[in-house]
Amino acid sequence: MERFEKVYSQGVLDKVEIWVDKETGVNYVFRKDGYSGGLTPLLDKEGKPVVTQ
């Protein structure tokens with residue numbers, strides 16, 4: 001079983017994706033632009049991680 005599941009994807013070269021950790025439910029935003037990229041937790045308006053049940 002894969003731990004992470006991609007639930008959203010936008011773009012081709014300039015890409016934004018949302019991944020969910022199936023063990024914790026925490027959502028992450030992945031951003032890729034050319035050869036660089038980064039991953040960070042997705043936060044709600046109160047600054048808390050978005051958690052999918």
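A quick note: this is a predicted structure, and the numbers were derived from the prediction, not measured.
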Would you please name every residue forming a side-chain hydrogen bond (donor to acceptor under 3.5 Å, both in side chains) with [X], sequence neighbours left out?
X: Asp44; result: none
X: Asp33; result: none
X: Thr52; result: Asn27

Would you give the length of the straight line joining atom CH2 of Trp19 to atom CG of Leu39, rounded to the nearest 0.5 angstrom?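 Interatomic distance, Trp19 CH2 to Leu39 CG, rounded to 0.5 Å: 10.0 Å.
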
Atom pair CD/CZ of Glu17 and Phe4 - distance to nearest 0.5 Å: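 Rounded to the nearest 0.5 Å, the CD-CZ separation comes to 13.0 Å.
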
What closest approach, in Å, do Gly11 and Lys15 show between heavy atoms, and which atom pair accounts for it?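 Heavy-atom minimum between the residues: O-CE, 3.6 Å.
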
What are the two closest heavy atoms between Gly25 and Val20, and how far apart are they?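 Minimum heavy-atom contact is O-CG1, 4.0 Å.
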
Check salt bridge (charged side-chain N to carboxylate O under 4.0 Å, His left out) between [X] and all other residues, then give those that pass, not counting sequence neighbours.
X: Glu2; value: none
X: Lys32; value: none
X: Lys22; value: none

Tell me whether Val26 shares a hydrophobic cluster with Phe30, the cluster being built from Ile, Leu, Val, Met, Phe, Trp, Tyr side chains joined at under 4.5 Å.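 Val26 clusters together with Phe30.
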
Is it the case that one hydrophobic cluster holds both Leu43 and Val29, taking links as side-chain heavy atoms less than 4.5 Å apart, direct or via other members?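 No: no chain of side-chain contacts under 4.5 Å links Leu43 to Val29.
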
Apart from Tyr35 itself, which Ile, Leu, Val, Met, Phe, Trp or Tyr residues share its cluster (side-chain heavy atoms under 4.5 Å, direct or through members)?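 Cluster partners of Tyr35: none, it stands alone.
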
Side chain to side chain contact (heavy atoms under 4.5 Å, CB included) against Tyr8, all qualifying residues, sequence neighbours excluded: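 With neighbours one apart ignored, the set is Gln10, Ile18.
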
